[in-house]
Amino acid sequence: MIEARHLRVLRAVAATGSFSAAGRELGCTQPAVSQQMKALESSVGTPLLVRSGREMRLTQAGEALVRHAAGILSGLTAAEEEVAAIAGLRAGRVRLVSFPSGSSTLVPTALAALRAAHPGTRVSLEEAEPPRSVELLREGDCDIALAFRYERAGGAGEAGQGGEGEWDDLVVRPLLTDRLVALVPERHRLARTGASGALAIGDLAGEPWIAGCPRCRGQLVQVCESAGFTPRIDFATDDYPAVVGLVGAGLGVAVLPQLAIESVRPRGARAVTLEPAVRREIVALTLPDLAQVPAVSATLDQLARAAARVG
């Protein structure tokens with residue numbers, strides 16, 4: 001019989017490459033890891049690991065077991081949490097992964113409301129941009145992933161940027177639609193446009209640019225090229241306050257999601273509406289099994305309520 005604790009150890013060994021590193025990650029000793037691997041190999045009746053120099057390498061059987069481990073452990077977690085809730089323990093654990101602008105706007109309101117309604121529920125938070133956040137969900141390393149995908153001019157998901165089929169295996173909870181806005185220095189010749197109307201992205205064709213996260217950067221290049229020019233990107237950073245600071249210092253212009261600007265005080269910079277509109281869809285994702293877990297479901301509900309207040 002394969003035990004869940006043995007699968008967790010196998011995944012740690014596969015990820016770290018050694019018994020000692022896996023022990024450090026799991027908080028146990030190297031001999032304990034070795035014993036659990038021997039027990040697992042005895043259970044399945046075939047070697048799962050072979051030593052290659054200083055590292056451990058998976059056999060073909062080991063690779064197959066690791067490939068199935070994420071789904072098995074996710075299903076077990078869902079079962080344990082649901083049983084605990086049914087038994088009236090009023091306890092739960094939710095591992096949430098969010099992109100930075102979601103962490104600073106949607107997540108605090110949602111988690112405060114969740115704690116007030118369900119004080120026994122524990123929530124952990126990590127930050128990751130999609131597609132990495134979605135990978136963490138599929139790998140069983142989180143329970144909910146906040147993600148986004150950009151729309152085409154016609155409204156469809158952008159190929160390679162979170163297309164319509166990318167999340168078909170997941171439960172998708174739509175939260176809000178976030179519009180992109182231009183950010184220019186306060187003394188820029190186009191800064192007054194914010195008071196008088198919208199700005200076409202082609203009006204910024206000759207400007208130096210500050211780009212954001214990789215997915216946002218790809219969207220920026222695509223939108224600019226559709227307007228007939230390739231942006232000259234002088235600076236690139238995943239940190240939204242840094243983008244705002246660089247624009248405020250007069251070092252270039254940027255296009256950021258409205259949600260990102262709301263999470264940062266744009267000193268020295270001015271937001272200007274873009275036309276035609278470019279939007280991104282913000283969603284909460286989880287696995288079908290986990291969607292039935294009360295703590296996960298309650299967290300999804302609070303994220304939706306927080307998004308409704310922002311929207």
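Computed over heavy atoms, backbone and side chain alike; hydrogens, waters and symmetry mates excluded. This one's a predicted model, so the numbers in the text were calculated from it and none came from an experiment.
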Open item on the list: Tell me if a side-chain donor or acceptor on Thr273 pairs with a main-chain N or O of Ala198 at a distance below 3.5 Å.
Closed with: no
TODO: Using a cut-off of 6.0 Å, state whether more than 12 heavy atoms not belonging to Arg122 lie near its atom CZ.
DONE: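 For Arg122, atom CZ is not crowded (no more than 12 foreign heavy atoms under 6.0 Å).
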- [ ] Would you indicate whether Gln60, at its atom CD, is surrounded by more than 12 heavy atoms from other residues, nucleotides or ligands within a distance under 6.0 Å?
- [x]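 Not more than 12 within 6.0 Å, no.
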Within the structure provided, determine whether [X] and [Y] are in side-chain contact (heavy-atom separation under 4.5 Å).
X	Y	value
Val221	Pro231	yes
Tyr150	Gln222	no
Leu246	Val244	no
Ile144	Arg95	no
Leu40	Val9	no
His188	Val253	yes
Thr109	Arg309	yes
Leu190	Val272	no

Of the non-hydrogen atoms in [X] and [Y], which two are nearest, and what is the gap between them?
X	Y	answer
Ser133	Ala128	CB-O, 3.7 Å
Ala269	Leu183	CB-CG, 3.9 Å
Gln302	Ala113	OE1-CB, 3.2 Å

Separation between [atom1] of [X] and [atom2] of [Y], rounded to the nearest 0.5 Å:
X	Y	atom1	atom2	answer
Glu207	Ile201	CD	CD1	11.5 Å
Cys142	Glu126	SG	CD	8.0 Å
Leu256	Leu220	CG	CG	9.5 Å
Glu127	Asp238	CD	CG	10.5 Å
Ser74	Asp289	OG	CG	6.0 Å
Asp143	Leu287	CG	CG	8.5 Å

Task: Phe99: ring pair (Phe, Tyr, Trp, His ring centres under 6.0 Å) partners, not counting sequence neighbours - done: Phe148
Task: Results of side chain to side chain donor-acceptor pair (under 3.5 Å) for Arg267 - residues two or more places apart only - done: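 Partners of Arg267 under the side chain to side chain donor-acceptor pair (under 3.5 Å) test: none.
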Open item on the list: For Thr286, give me all partners under side chain to side chain donor-acceptor pair (under 3.5 Å), at least two apart in sequence or on another chain.
Closed with: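 If we apply the side chain to side chain donor-acceptor pair (under 3.5 Å) test to Thr286, skipping adjacent residues, there are no hits.
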Task: Glu262 vs Val310, side chain to side chain contact (heavy atoms under 4.5 Å, CB included): CA-CA, chis, key distance, verdict - done: CA-CA 10 Å; Glu262 289 178 3; Val310 171; 3.9 Å; yes
- [ ] Test Asp178 against every option in Leu175, Val181, Leu176 by the side-chain contact (heavy atoms from CB on, under 4.5 Å) rule and name the one that passes.
- [x]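 Answer after filtering Leu175, Val181, Leu176: Leu176.
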Please determine if [X] and [Y] form a salt bridge, counting it only when a charged side-chain N lies under 4.0 Å from a carboxylate O.
X	Y	value
Arg132	Glu139	yes
Arg189	Asp203	no
Glu186	Arg270	no

Task: Test side chain to side chain contact (heavy atoms under 4.5 Å, CB included) applied to Phe235 and Val243, step by step - done: CA-CA 8 Å; Phe235 303 96; Val243 173; over 6 Å; no
Enumerate, atom names and distances included, each donor-acceptor pair closer than 3.5 Å involving a side-chain atom of residues 24-38, sequence neighbours excluded.
{"residue": "Thr29", "atom": "OG1", "partner": "Ala32", "partner atom": "N", "Å": "3.2"}

TODO: State whether a side-chain donor-acceptor pair under 3.5 Å links Thr177 with Glu281.
DONE: no
Treating Ile, Leu, Val, Met, Phe, Trp and Tyr as nodes and any side-chain heavy-atom pair under 4.5 angstrom as an edge, say whether [X] and [Y] lie in one connected cluster.
X	Y	result
Leu300	Val107	yes
Leu136	Ile282	no
Leu96	Val172	yes
Val134	Leu73	no
Leu170	Val97	no

Considering only distance and modelled atom types, tabulate donor-acceptor pairs under 3.5 Å from the side chains of residues 41-48, sequence neighbours left out.
{"residue": "Glu41", "atom": "OE2", "partner": "Leu48", "partner atom": "N", "Å": "2.8"}
{"residue": "Glu41", "atom": "OE2", "partner": "Leu49", "partner atom": "N", "Å": "3.3"}
{"residue": "Ser43", "atom": "OG", "partner": "Met1", "partner atom": "O", "Å": "3.4"}
{"residue": "Ser43", "atom": "OG", "partner": "Ala39", "partner atom": "O", "Å": "3.0"}

Task: Candidate pair Val223 and Leu274, rule side chain to side chain contact (heavy atoms under 4.5 Å, CB included), full reasoning - done: CA-CA 11 Å; Val223 170; Leu274 280 177; over 6 Å; no
Open item on the list: Working note: Leu114 + Thr121, criterion side chain to side chain contact (heavy atoms under 4.5 Å, CB included); need CA distance, chi angles, decisive distance, verdict.
Closed with: CA-CA 8 Å; Leu114 182 70; Thr121 299; 4.2 Å; yes
TODO: Please name all residues satisfying side-chain contact (heavy atoms from CB on, under 4.5 Å) with Thr105, sequence neighbours left out, ordered by chain then number.
DONE: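 Applying side-chain contact (heavy atoms from CB on, under 4.5 Å) to Thr105 gives Leu259, Ser263.
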